[in-house]
Novice: 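Dropping the structure in here first, questions after.
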2 protein chains.
Amino acid sequence: MVDNILPKQSKLLTDDKSDSTCGCFVTKLFSKRAQNREVQEARILEAATSCFVRAGFRGASMNDICSEAGMSPGALYRYFPSKESLIEAIVAGHRKASAEILDRMSGYGNIIDALVMVGLDHVRQKSANGVDDASARLFAEVRAEAIRNEAVAAQCELYEGQMREKLLSAIGAAKARGEIDPVGDLELVAATLAAMGEGVIMRNFPAQGVPVEALEPMFRALAVAILRPASA
Amino acid sequence: MVDNILPKQSKLLTDDKSDSTCGCFVTKLFSKRAQNREVQEARILEAATSCFVRAGFRGASMNDICSEAGMSPGALYRYFPSKESLIEAIVAGHRKASAEILDRMSGYGNIIDALVMVGLDHVRQKSANGVDDASARLFAEVRAEAIRNEAVAAQCELYEGQMREKLLSAIGAAKARGEIDPVGDLELVAATLAAMGEGVIMRNFPAQGVPVEALEPMFRALAVAILRPASA
DNA sequence: AAAAAAAGAGCGAATGTTCGTTCTCAATTA
DNA sequence: TAATTGAGAACGAACATTCGCTCTTTTTTT
(Lines give C-alpha, C1' and ligand atoms only; values in the text may rest on other atoms or scores of the structure.)
Protein backbone atom coordinates (compact mmCIF):
# COMPACT_ATOMS: atom_id res chain seq x y z
CA MET A 1 0.00 0.00 0.00
CA VAL A 2 2.18 2.78 1.34
CA ASP A 3 5.09 1.84 -0.79
CA ASN A 4 7.74 4.47 -0.80
CA ILE A 5 7.15 7.41 1.49
CA LEU A 6 10.70 7.04 2.62
CA PRO A 7 13.52 6.28 0.24
CA LYS A 8 14.36 2.62 0.13
CA GLN A 9 17.42 3.18 2.18
CA SER A 10 16.91 5.72 4.91
CA LYS A 11 19.22 8.66 4.47
CA LEU A 12 18.10 10.40 7.63
CA LEU A 13 21.45 10.11 9.27
CA THR A 14 23.70 10.16 6.26
CA ASP A 15 24.10 13.92 5.75
CA ASP A 16 25.96 14.93 8.91
CA LYS A 17 29.37 13.46 8.42
CA SER A 18 30.28 12.00 11.76
CA ASP A 19 33.98 12.09 12.61
CA SER A 20 34.87 8.65 11.48
CA THR A 21 38.51 9.56 11.93
CA CYS A 22 38.28 8.52 15.57
CA GLY A 23 39.23 4.89 15.77
CA CYS A 24 37.94 4.15 19.26
CA PHE A 25 34.88 1.99 19.85
CA VAL A 26 32.65 5.04 20.12
CA THR A 27 32.65 4.87 16.36
CA LYS A 28 31.12 1.48 16.70
CA LEU A 29 28.33 2.65 18.95
CA PHE A 30 27.42 5.68 16.85
CA SER A 31 28.37 4.47 13.40
CA LYS A 32 26.00 4.95 10.52
CA ARG A 33 25.20 1.27 10.73
CA ALA A 34 24.36 1.18 14.41
CA GLN A 35 22.15 4.25 14.22
CA ASN A 36 20.41 2.91 11.20
CA ARG A 37 19.63 -0.28 13.01
CA GLU A 38 17.67 1.51 15.71
CA VAL A 39 15.77 3.54 13.17
CA GLN A 40 14.86 0.45 11.20
CA GLU A 41 13.80 -1.51 14.24
CA ALA A 42 11.52 1.30 15.28
CA ARG A 43 10.10 1.51 11.81
CA ILE A 44 9.35 -2.19 11.75
CA LEU A 45 7.77 -2.19 15.19
CA GLU A 46 5.52 0.70 14.26
CA ALA A 47 4.40 -1.01 11.07
CA ALA A 48 3.87 -4.30 12.89
CA THR A 49 1.80 -2.65 15.59
CA SER A 50 -0.38 -1.01 13.00
CA CYS A 51 -0.92 -4.31 11.18
CA PHE A 52 -1.52 -6.34 14.33
CA VAL A 53 -4.10 -3.86 15.55
CA ARG A 54 -5.86 -4.00 12.22
CA ALA A 55 -5.81 -7.75 11.70
CA GLY A 56 -4.65 -9.41 14.91
CA PHE A 57 -1.41 -11.23 15.62
CA ARG A 58 -2.43 -14.23 13.55
CA GLY A 59 -4.37 -12.32 10.93
CA ALA A 60 -1.56 -9.98 9.91
CA SER A 61 0.98 -11.54 7.57
CA MET A 62 4.67 -10.77 7.46
CA ASN A 63 4.12 -9.48 3.96
CA ASP A 64 1.58 -6.97 5.26
CA ILE A 65 4.10 -5.77 7.78
CA CYS A 66 6.86 -5.57 5.16
CA SER A 67 4.65 -3.49 2.90
CA GLU A 68 3.67 -1.16 5.70
CA ALA A 69 7.31 -0.77 6.68
CA GLY A 70 8.40 -0.29 3.08
CA MET A 71 10.83 -3.15 3.32
CA SER A 72 11.40 -6.56 1.78
CA PRO A 73 11.07 -9.77 3.81
CA GLY A 74 14.77 -10.37 3.45
CA ALA A 75 15.52 -7.00 4.99
CA LEU A 76 12.99 -7.31 7.79
CA TYR A 77 14.30 -10.69 8.85
CA ARG A 78 17.69 -9.12 9.45
CA TYR A 79 16.21 -7.17 12.35
CA PHE A 80 13.74 -9.63 13.81
CA PRO A 81 14.30 -13.36 13.48
CA SER A 82 10.61 -14.29 13.45
CA LYS A 83 7.06 -13.09 13.65
CA GLU A 84 6.98 -14.40 17.18
CA SER A 85 9.85 -12.08 18.16
CA LEU A 86 7.94 -9.11 16.77
CA ILE A 87 4.90 -10.02 18.82
CA GLU A 88 6.96 -10.38 21.96
CA ALA A 89 8.68 -7.04 21.46
CA ILE A 90 5.37 -5.29 20.97
CA VAL A 91 3.70 -6.94 23.94
CA ALA A 92 6.62 -6.08 26.18
CA GLY A 93 6.58 -2.44 25.16
CA HIS A 94 2.85 -2.21 25.57
CA ARG A 95 2.82 -3.69 29.03
CA LYS A 96 5.87 -1.80 30.16
CA ALA A 97 4.16 1.49 29.35
CA SER A 98 1.25 0.43 31.54
CA ALA A 99 3.45 -0.54 34.43
CA GLU A 100 5.24 2.79 34.33
CA ILE A 101 2.05 4.72 34.96
CA LEU A 102 1.96 3.18 38.42
CA ASP A 103 5.29 4.76 39.27
CA ARG A 104 3.64 8.15 39.39
CA MET A 105 1.37 7.08 42.26
CA SER A 106 3.74 8.32 44.93
CA GLY A 107 3.28 11.88 43.67
CA TYR A 108 -0.19 12.05 45.16
CA GLY A 109 -1.05 12.91 48.72
CA ASN A 110 -3.63 10.19 49.22
CA ILE A 111 -4.22 6.78 47.78
CA ILE A 112 -7.63 7.57 46.34
CA ASP A 113 -6.37 10.40 44.16
CA ALA A 114 -3.44 8.27 43.13
CA LEU A 115 -5.69 5.42 42.04
CA VAL A 116 -8.02 7.70 40.12
CA MET A 117 -5.01 9.14 38.33
CA VAL A 118 -3.76 5.66 37.45
CA GLY A 119 -7.11 4.75 35.96
CA LEU A 120 -7.53 7.94 33.98
CA ASP A 121 -3.97 7.91 32.72
CA HIS A 122 -4.42 4.38 31.50
CA VAL A 123 -7.56 5.31 29.63
CA ARG A 124 -5.82 8.32 28.15
CA GLN A 125 -2.77 6.38 27.11
CA LYS A 126 -4.67 3.45 25.69
CA SER A 127 -7.11 5.52 23.70
CA ALA A 128 -5.39 8.64 22.42
CA ASN A 129 -1.79 7.55 22.38
CA GLY A 130 -0.51 9.31 19.31
CA VAL A 131 -3.09 9.13 16.57
CA ASP A 132 -5.61 6.37 17.01
CA ASP A 133 -6.94 3.95 19.60
CA ALA A 134 -4.46 1.27 18.69
CA SER A 135 -3.40 0.69 22.26
CA ALA A 136 -6.82 -0.17 23.62
CA ARG A 137 -7.30 -2.64 20.80
CA LEU A 138 -3.94 -4.17 21.40
CA PHE A 139 -4.98 -4.76 24.97
CA ALA A 140 -7.72 -7.14 23.89
CA GLU A 141 -5.47 -8.85 21.40
CA VAL A 142 -2.75 -9.39 23.96
CA ARG A 143 -5.18 -10.82 26.49
CA ALA A 144 -6.39 -13.36 23.99
CA GLU A 145 -2.91 -14.22 22.76
CA ALA A 146 -1.63 -14.74 26.29
CA ILE A 147 -4.10 -17.59 26.72
CA ARG A 148 -2.27 -19.83 24.30
CA ASN A 149 1.13 -18.27 23.67
CA GLU A 150 3.46 -19.12 26.49
CA ALA A 151 6.02 -16.41 25.71
CA VAL A 152 3.37 -13.71 25.61
CA ALA A 153 1.86 -15.04 28.81
CA ALA A 154 5.27 -14.76 30.46
CA GLN A 155 5.65 -11.14 29.36
CA CYS A 156 2.24 -10.31 30.77
CA GLU A 157 3.00 -12.14 33.97
CA LEU A 158 6.22 -10.20 34.37
CA TYR A 159 4.80 -6.71 34.00
CA GLU A 160 1.49 -7.44 35.64
CA GLY A 161 3.37 -8.90 38.56
CA GLN A 162 5.25 -5.62 38.87
CA MET A 163 1.99 -3.72 38.71
CA ARG A 164 0.41 -5.90 41.33
CA GLU A 165 3.35 -5.32 43.66
CA LYS A 166 3.30 -1.58 43.19
CA LEU A 167 -0.43 -1.43 43.78
CA LEU A 168 -0.18 -3.70 46.75
CA SER A 169 2.57 -1.74 48.44
CA ALA A 170 0.75 1.55 47.90
CA ILE A 171 -2.45 0.19 49.36
CA GLY A 172 -0.61 -1.55 52.18
CA ALA A 173 1.15 1.66 53.13
CA ALA A 174 -2.10 3.62 53.13
CA LYS A 175 -3.72 0.99 55.30
CA ALA A 176 -0.77 1.03 57.70
CA ARG A 177 -1.15 4.79 57.96
CA GLY A 178 -4.78 4.28 58.90
CA GLU A 179 -5.84 6.16 55.80
CA ILE A 180 -8.11 3.40 54.55
CA ASP A 181 -10.04 0.35 55.68
CA PRO A 182 -10.35 -1.92 52.62
CA VAL A 183 -13.37 -4.18 52.23
CA GLY A 184 -11.30 -7.33 52.08
CA ASP A 185 -8.00 -9.11 51.85
CA LEU A 186 -5.40 -6.74 50.40
CA GLU A 187 -4.37 -9.10 47.61
CA LEU A 188 -7.95 -9.55 46.49
CA VAL A 189 -8.64 -5.84 46.78
CA ALA A 190 -5.69 -4.98 44.56
CA ALA A 191 -6.60 -7.66 42.04
CA THR A 192 -10.22 -6.53 41.90
CA LEU A 193 -9.29 -2.91 41.40
CA ALA A 194 -6.92 -3.87 38.62
CA ALA A 195 -9.49 -6.12 36.95
CA MET A 196 -12.27 -3.55 37.10
CA GLY A 197 -9.98 -0.83 35.84
CA GLU A 198 -8.88 -3.02 32.99
CA GLY A 199 -12.49 -3.60 32.08
CA VAL A 200 -12.99 0.12 31.64
CA ILE A 201 -9.76 0.52 29.68
CA MET A 202 -10.73 -2.21 27.24
CA ARG A 203 -14.13 -0.68 26.60
CA ASN A 204 -12.29 2.26 25.11
CA PHE A 205 -14.87 4.79 26.21
CA PRO A 206 -13.21 7.83 24.60
CA ALA A 207 -13.53 6.15 21.21
CA GLN A 208 -17.29 5.95 21.85
CA GLY A 209 -17.61 9.59 22.66
CA VAL A 210 -17.32 9.45 26.44
CA PRO A 211 -14.74 12.02 27.56
CA VAL A 212 -12.06 10.89 29.95
CA GLU A 213 -13.22 13.36 32.58
CA ALA A 214 -16.62 11.69 32.76
CA LEU A 215 -14.90 8.56 34.00
CA GLU A 216 -13.29 10.36 36.92
CA PRO A 217 -16.29 10.06 39.30
CA MET A 218 -16.65 6.41 38.32
CA PHE A 219 -13.07 5.57 39.17
CA ARG A 220 -13.33 7.62 42.35
CA ALA A 221 -16.51 5.88 43.44
CA LEU A 222 -14.86 2.52 42.79
CA ALA A 223 -11.74 3.41 44.77
CA VAL A 224 -13.74 4.81 47.69
CA ALA A 225 -16.06 1.81 47.75
CA ILE A 226 -13.29 -0.77 47.80
CA LEU A 227 -10.75 1.04 49.96
CA ARG A 228 -13.13 2.94 52.30
CA PRO A 229 -11.00 5.94 53.27
CA ALA A 230 -11.39 7.25 56.81
CA SER A 231 -12.34 10.70 55.56
CA ALA A 232 -15.50 9.47 53.88
CA MET B 1 -5.17 -36.12 19.56
CA VAL B 2 -8.37 -37.45 21.04
CA ASP B 3 -9.17 -39.50 18.04
CA ASN B 4 -12.00 -41.84 18.61
CA ILE B 5 -13.66 -41.62 21.99
CA LEU B 6 -17.02 -41.74 20.29
CA PRO B 7 -17.79 -44.09 17.44
CA LYS B 8 -17.37 -42.48 14.04
CA GLN B 9 -21.09 -42.29 13.58
CA SER B 10 -23.05 -41.56 16.73
CA LYS B 11 -25.53 -44.29 17.50
CA LEU B 12 -27.03 -42.43 20.46
CA LEU B 13 -30.46 -42.07 18.89
CA THR B 14 -30.43 -45.03 16.59
CA ASP B 15 -31.54 -47.69 19.08
CA ASP B 16 -34.99 -46.45 20.05
CA LYS B 17 -37.06 -47.09 16.97
CA SER B 18 -39.29 -44.06 16.58
CA ASP B 19 -42.71 -44.73 14.98
CA SER B 20 -41.82 -43.99 11.42
CA THR B 21 -45.18 -45.38 10.30
CA CYS B 22 -46.81 -41.98 10.64
CA GLY B 23 -46.66 -40.29 7.25
CA CYS B 24 -47.42 -36.70 8.29
CA PHE B 25 -44.75 -33.99 8.35
CA VAL B 26 -44.20 -34.53 12.03
CA THR B 27 -42.09 -37.39 10.78
CA LYS B 28 -39.93 -34.86 9.06
CA LEU B 29 -39.41 -32.81 12.21
CA PHE B 30 -38.64 -35.77 14.41
CA SER B 31 -37.30 -38.24 11.88
CA LYS B 32 -34.13 -40.11 12.56
CA ARG B 33 -32.42 -37.81 10.07
CA ALA B 34 -33.60 -34.58 11.62
CA GLN B 35 -32.70 -35.76 15.09
CA ASN B 36 -29.31 -36.87 13.90
CA ARG B 37 -28.67 -33.47 12.41
CA GLU B 38 -29.17 -31.78 15.76
CA VAL B 39 -26.95 -34.28 17.50
CA GLN B 40 -24.21 -33.83 14.93
CA GLU B 41 -24.42 -30.05 15.04
CA ALA B 42 -24.11 -30.12 18.81
CA ARG B 43 -21.18 -32.48 18.59
CA ILE B 44 -19.40 -30.21 16.12
CA LEU B 45 -20.06 -27.08 18.15
CA GLU B 46 -18.73 -28.73 21.27
CA ALA B 47 -15.58 -29.87 19.51
CA ALA B 48 -15.10 -26.47 17.89
CA THR B 49 -15.51 -24.68 21.20
CA SER B 50 -12.92 -26.90 22.76
CA CYS B 51 -10.45 -26.29 19.93
CA PHE B 52 -11.08 -22.56 19.76
CA VAL B 53 -10.53 -22.19 23.48
CA ARG B 54 -7.30 -24.11 23.23
CA ALA B 55 -5.86 -22.42 20.15
CA GLY B 56 -8.00 -19.40 19.32
CA PHE B 57 -10.33 -18.84 16.39
CA ARG B 58 -7.47 -18.46 13.95
CA GLY B 59 -5.14 -20.92 15.58
CA ALA B 60 -7.49 -23.90 15.51
CA SER B 61 -7.70 -25.63 12.14
CA MET B 62 -10.73 -27.28 10.68
CA ASN B 63 -8.80 -30.53 10.81
CA ASP B 64 -8.33 -30.12 14.55
CA ILE B 65 -12.06 -29.66 14.91
CA CYS B 66 -12.81 -32.63 12.69
CA SER B 67 -10.53 -34.85 14.75
CA GLU B 68 -12.03 -33.67 18.01
CA ALA B 69 -15.52 -34.30 16.65
CA GLY B 70 -14.52 -37.69 15.24
CA MET B 71 -15.65 -36.65 11.80
CA SER B 72 -14.22 -36.14 8.34
CA PRO B 73 -14.05 -32.70 6.73
CA GLY B 74 -16.55 -33.83 4.12
CA ALA B 75 -19.02 -34.72 6.86
CA LEU B 76 -18.48 -31.61 8.91
CA TYR B 77 -18.99 -29.32 5.95
CA ARG B 78 -22.43 -30.80 5.49
CA TYR B 79 -23.49 -29.21 8.75
CA PHE B 80 -21.59 -25.94 8.72
CA PRO B 81 -20.68 -24.26 5.46
CA SER B 82 -17.51 -22.59 6.72
CA LYS B 83 -15.24 -21.99 9.66
CA GLU B 84 -16.70 -18.54 9.89
CA SER B 85 -20.18 -19.97 10.44
CA LEU B 86 -18.87 -22.10 13.29
CA ILE B 87 -17.35 -19.06 14.94
CA GLU B 88 -20.55 -17.09 14.59
CA ALA B 89 -22.68 -19.86 16.05
CA ILE B 90 -20.39 -20.18 19.03
CA VAL B 91 -20.20 -16.46 19.66
CA ALA B 92 -23.96 -16.14 19.48
CA GLY B 93 -24.50 -18.95 21.96
CA HIS B 94 -21.90 -17.58 24.32
CA ARG B 95 -23.31 -14.07 24.35
CA LYS B 96 -26.90 -15.26 24.53
CA ALA B 97 -26.14 -17.15 27.70
CA SER B 98 -24.74 -13.99 29.23
CA ALA B 99 -27.72 -11.92 28.24
CA GLU B 100 -30.10 -14.40 29.80
CA ILE B 101 -28.57 -14.01 33.21
CA LEU B 102 -29.89 -10.46 33.26
CA ASP B 103 -33.45 -11.75 32.94
CA ARG B 104 -33.30 -13.03 36.48
CA MET B 105 -32.74 -9.52 37.87
CA SER B 106 -36.45 -8.92 38.40
CA GLY B 107 -36.55 -11.72 40.95
CA TYR B 108 -34.70 -9.60 43.49
CA GLY B 109 -36.27 -7.07 45.82
CA ASN B 110 -33.64 -4.40 45.31
CA ILE B 111 -31.32 -3.39 42.54
CA ILE B 112 -28.13 -3.87 44.54
CA ASP B 113 -28.83 -7.52 45.28
CA ALA B 114 -29.87 -8.03 41.70
CA LEU B 115 -26.62 -6.57 40.36
CA VAL B 116 -24.49 -8.58 42.73
CA MET B 117 -26.29 -11.71 41.59
CA VAL B 118 -25.70 -10.84 37.96
CA GLY B 119 -21.99 -10.42 38.56
CA LEU B 120 -21.58 -13.58 40.57
CA ASP B 121 -23.67 -15.64 38.18
CA HIS B 122 -21.53 -14.47 35.31
CA VAL B 123 -18.37 -15.44 37.11
CA ARG B 124 -19.86 -18.80 37.98
CA GLN B 125 -21.07 -19.48 34.47
CA LYS B 126 -17.89 -18.31 32.80
CA SER B 127 -15.57 -20.23 35.04
CA ALA B 128 -17.18 -23.49 36.04
CA ASN B 129 -19.61 -24.05 33.22
CA GLY B 130 -19.46 -27.77 32.80
CA VAL B 131 -15.91 -28.96 33.18
CA ASP B 132 -13.29 -26.30 32.60
CA ASP B 133 -12.96 -22.54 32.38
CA ALA B 134 -13.57 -22.53 28.65
CA SER B 135 -16.15 -19.81 28.83
CA ALA B 136 -13.96 -17.20 30.49
CA ARG B 137 -11.27 -17.83 27.92
CA LEU B 138 -13.74 -17.56 25.11
CA PHE B 139 -14.67 -14.15 26.46
CA ALA B 140 -11.21 -12.81 25.75
CA GLU B 141 -11.07 -14.48 22.36
CA VAL B 142 -14.43 -13.07 21.32
CA ARG B 143 -13.48 -9.55 22.41
CA ALA B 144 -10.35 -9.67 20.27
CA GLU B 145 -12.11 -11.23 17.30
CA ALA B 146 -14.88 -8.64 17.39
CA ILE B 147 -12.31 -5.93 16.70
CA ARG B 148 -11.66 -7.13 13.20
CA ASN B 149 -14.47 -9.54 12.29
CA GLU B 150 -17.56 -7.62 11.32
CA ALA B 151 -19.96 -10.52 11.74
CA VAL B 152 -18.70 -11.28 15.23
CA ALA B 153 -18.86 -7.61 16.10
CA ALA B 154 -22.49 -7.57 15.01
CA GLN B 155 -23.32 -10.57 17.22
CA CYS B 156 -21.69 -8.87 20.19
CA GLU B 157 -23.48 -5.62 19.44
CA LEU B 158 -26.80 -7.41 19.31
CA TYR B 159 -26.58 -9.19 22.64
CA GLU B 160 -24.68 -6.49 24.44
CA GLY B 161 -27.28 -4.04 23.27
CA GLN B 162 -29.92 -6.22 24.88
CA MET B 163 -27.91 -6.39 28.05
CA ARG B 164 -27.44 -2.64 28.12
CA GLU B 165 -31.17 -2.13 27.74
CA LYS B 166 -32.05 -4.56 30.49
CA LEU B 167 -29.53 -3.03 32.84
CA LEU B 168 -30.63 0.47 31.97
CA SER B 169 -34.29 -0.23 32.54
CA ALA B 170 -33.62 -1.93 35.87
CA ILE B 171 -31.51 0.96 37.08
CA GLY B 172 -33.91 3.52 35.68
CA ALA B 173 -36.82 1.90 37.50
CA ALA B 174 -34.92 1.83 40.77
CA LYS B 175 -34.04 5.47 40.39
CA ALA B 176 -37.64 6.36 39.60
CA ARG B 177 -38.66 4.58 42.77
CA GLY B 178 -36.20 6.74 44.68
CA GLU B 179 -34.29 3.62 45.66
CA ILE B 180 -30.96 4.92 44.37
CA ASP B 181 -29.14 8.12 43.46
CA PRO B 182 -26.50 7.12 40.86
CA VAL B 183 -23.24 9.04 40.66
CA GLY B 184 -23.75 10.04 37.03
CA ASP B 185 -25.65 9.81 33.81
CA LEU B 186 -27.63 6.56 33.71
CA GLU B 187 -26.15 5.41 30.42
CA LEU B 188 -22.64 5.93 31.63
CA VAL B 189 -23.40 4.29 34.97
CA ALA B 190 -24.75 1.20 33.25
CA ALA B 191 -21.82 1.04 30.84
CA THR B 192 -19.29 1.42 33.62
CA LEU B 193 -20.89 -1.28 35.76
CA ALA B 194 -20.89 -3.61 32.77
CA ALA B 195 -17.28 -2.83 31.88
CA MET B 196 -16.02 -3.28 35.42
CA GLY B 197 -17.97 -6.50 35.83
CA GLU B 198 -16.58 -7.80 32.57
CA GLY B 199 -13.08 -7.03 33.79
CA VAL B 200 -13.62 -9.30 36.77
CA ILE B 201 -15.19 -12.02 34.64
CA MET B 202 -12.25 -12.06 32.25
CA ARG B 203 -9.73 -12.34 35.06
CA ASN B 204 -11.26 -15.71 35.80
CA PHE B 205 -10.65 -15.48 39.54
CA PRO B 206 -12.01 -18.93 40.42
CA ALA B 207 -9.38 -20.49 38.17
CA GLN B 208 -6.75 -18.71 40.26
CA GLY B 209 -8.08 -20.01 43.53
CA VAL B 210 -10.34 -17.15 44.53
CA PRO B 211 -13.77 -18.54 45.48
CA VAL B 212 -16.81 -16.90 43.95
CA GLU B 213 -18.11 -15.92 47.38
CA ALA B 214 -15.04 -13.77 48.00
CA LEU B 215 -16.08 -11.61 45.08
CA GLU B 216 -19.48 -10.88 46.56
CA PRO B 217 -18.37 -7.96 48.80
CA MET B 218 -16.40 -6.54 45.87
CA PHE B 219 -19.38 -6.54 43.56
CA ARG B 220 -21.57 -5.16 46.36
CA ALA B 221 -19.16 -2.35 47.13
CA LEU B 222 -19.02 -1.47 43.44
CA ALA B 223 -22.79 -1.43 43.07
CA VAL B 224 -23.29 0.64 46.21
CA ALA B 225 -20.58 3.11 45.21
CA ILE B 226 -21.95 3.70 41.73
CA LEU B 227 -25.68 3.55 42.46
CA ARG B 228 -25.70 5.02 46.01
CA PRO B 229 -28.84 3.42 47.47
CA ALA B 230 -30.87 5.52 49.89
CA SER B 231 -30.54 2.92 52.63
CA ALA B 232 -26.74 3.35 52.80
C1' DA C 1 46.10 7.34 1.50
C1' DA C 2 44.64 3.94 -1.78
C1' DA C 3 43.41 -0.71 -2.60
C1' DA C 4 41.61 -4.90 -1.19
C1' DA C 5 38.89 -7.68 1.64
C1' DA C 6 35.16 -8.48 4.75
C1' DA C 7 30.85 -7.64 6.62
C1' DG C 8 26.34 -5.69 6.51
C1' DA C 9 21.99 -4.42 4.34
C1' DG C 10 18.44 -4.89 1.04
C1' DC C 11 15.75 -7.16 -2.51
C1' DG C 12 12.42 -10.32 -4.26
C1' DA C 13 11.83 -14.83 -6.05
C1' DA C 14 11.56 -19.45 -4.27
C1' DT C 15 10.43 -23.09 -0.75
C1' DG C 16 8.02 -26.20 1.94
C1' DT C 17 4.18 -26.36 4.71
C1' DT C 18 -0.37 -25.55 6.45
C1' DC C 19 -5.03 -24.57 5.88
C1' DG C 20 -9.92 -24.01 4.38
C1' DT C 21 -12.59 -26.06 1.27
C1' DT C 22 -14.17 -29.21 -2.50
C1' DC C 23 -14.62 -33.46 -5.01
C1' DT C 24 -15.39 -38.25 -5.78
C1' DC C 25 -17.06 -42.21 -4.43
C1' DA C 26 -18.94 -45.67 -1.20
C1' DA C 27 -22.29 -46.74 2.47
C1' DT C 28 -26.61 -46.07 4.65
C1' DT C 29 -31.38 -44.80 5.02
C1' DA C 30 -36.04 -43.81 3.26
C1' DT D 1 -34.41 -46.85 -6.29
C1' DA D 2 -33.43 -42.15 -4.86
C1' DA D 3 -31.62 -39.29 -1.56
C1' DT D 4 -28.73 -38.37 2.18
C1' DT D 5 -24.50 -38.90 4.72
C1' DG D 6 -19.72 -39.81 5.44
C1' DA D 7 -14.76 -40.67 4.36
C1' DG D 8 -10.61 -39.06 2.86
C1' DA D 9 -7.78 -37.73 -0.93
C1' DA D 10 -6.93 -33.63 -3.54
C1' DC D 11 -6.65 -28.59 -4.59
C1' DG D 12 -5.27 -23.99 -4.66
C1' DA D 13 -4.19 -20.17 -2.00
C1' DA D 14 -1.68 -18.13 1.70
C1' DC D 15 1.87 -18.08 4.81
C1' DA D 16 6.50 -17.73 7.41
C1' DT D 17 10.86 -18.13 6.28
C1' DT D 18 15.16 -18.78 3.39
C1' DC D 19 18.33 -18.15 -0.43
C1' DG D 20 21.21 -16.11 -3.83
C1' DC D 21 22.41 -12.05 -5.31
C1' DT D 22 23.85 -6.97 -5.60
C1' DC D 23 25.21 -2.80 -3.56
C1' DT D 24 27.14 -0.15 0.31
C1' DT D 25 29.82 0.55 4.34
C1' DT D 26 33.53 -0.69 7.36
C1' DT D 27 37.92 -2.70 8.33
C1' DT D 28 42.35 -4.31 7.09
C1' DT D 29 46.35 -4.36 4.35
C1' DT D 30 49.66 -2.32 1.53
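Not measured: the values here are computed from a predicted model. In what follows, every chain begins at residue 1, and chains take the letters A, B, ... in the order their sequences are listed.
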Novice: Apply ring-ring contact (aromatic ring centres under 6.0 Å, His included) to His94(A) and list each qualifying residue two or more places apart in sequence or on a separate chain.
Specialist: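 Result, ring-ring contact (aromatic ring centres under 6.0 Å, His included) vs His94(A): Phe139(A).
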Novice: Just how far, in rounded Å, is C1' of dT18(C) from CZ of Arg58(B)?
Specialist: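 After rounding, the gap between these two atoms is 16 Å.
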Novice: List in numerical order all residues of residues 80-88 of chain A for which some heavy atom is under 4.0 Å away from an atom belonging to DNA chain C.
Specialist: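 Nothing qualifies; none.
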Novice: Which side chain to side chain donor-acceptor pair (under 3.5 Å) pairs, counting each pair once, include a residue from residues 80-93 of chain B, with sequence neighbours left out?
Specialist: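 Qualifying pairs, neighbours excluded: Glu84(B)-Asn149(B).
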Novice: Check side-chain contact (heavy atoms from CB on, under 4.5 Å) between Asp103(B) and all other residues, then give those that pass, not counting sequence neighbours.
Specialist: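 With sequence neighbours excluded, Asp103(B) shows a side-chain contact (heavy atoms from CB on, under 4.5 Å) to Glu100(B), Lys166(B), given in chain and number order.
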Novice: Sequence neighbours excluded, which residues qualify as ring-ring contact (aromatic ring centres under 6.0 Å, His included) partners of Phe219(A)?
Specialist: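 Scan of Phe219(A) (ring-ring contact (aromatic ring centres under 6.0 Å, His included), adjacent residues dropped) gives none.
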Novice: Which nucleotide in the set dT21(C), dA7(D), dG20(C) lies at the smallest distance from any side-chain heavy atom of Ala75(B)?
Specialist: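 Nearest to the side chain of Ala75(B) among the choices is dA7(D).
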Novice: So how far off straight is the helix from dA1(C)-dT30(D) to dA30(C)-dT1(D), going by the axes through five pairs at either end, to 10°?
Specialist: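 One end's axis against the other's: 10°.
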Novice: Please confirm whether any donor atom in the side chain of Arg78(B) sits under 3.5 Å from an acceptor in the base of dG6(D), or the reverse.
Specialist: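 Side chain to base: pair found, below 3.5 Å.
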Novice: Does the side chain of Ser67(B) come under 3.5 Å of the side chain of Asp64(B) through a donor N or O and an acceptor N or O?
Specialist: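 Their side chains do not contain a donor-acceptor pair, so the 3.5 Å distance test is not met.
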Novice: Could you state the OH-P distance from Tyr79(B) to dT5(D), rounded to the nearest angstrom?
Specialist: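 One finds 6 Å between P of dT5(D) and OH of Tyr79(B), rounded.
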Novice: Any salt bridge linking Arg43(B) with Glu68(B)? Criterion: basic side-chain nitrogen under 4.0 Å from a carboxylate oxygen.
Specialist: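 No salt bridge links Arg43(B) with Glu68(B).
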Novice: Judged by each residue's nearest nucleotide on DNA chain D, which is more toward the 5′ side, Phe57(A) or Gly74(A)?
Specialist: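 Closest to the 5' end, via its nearest nucleotide, is Phe57(A).
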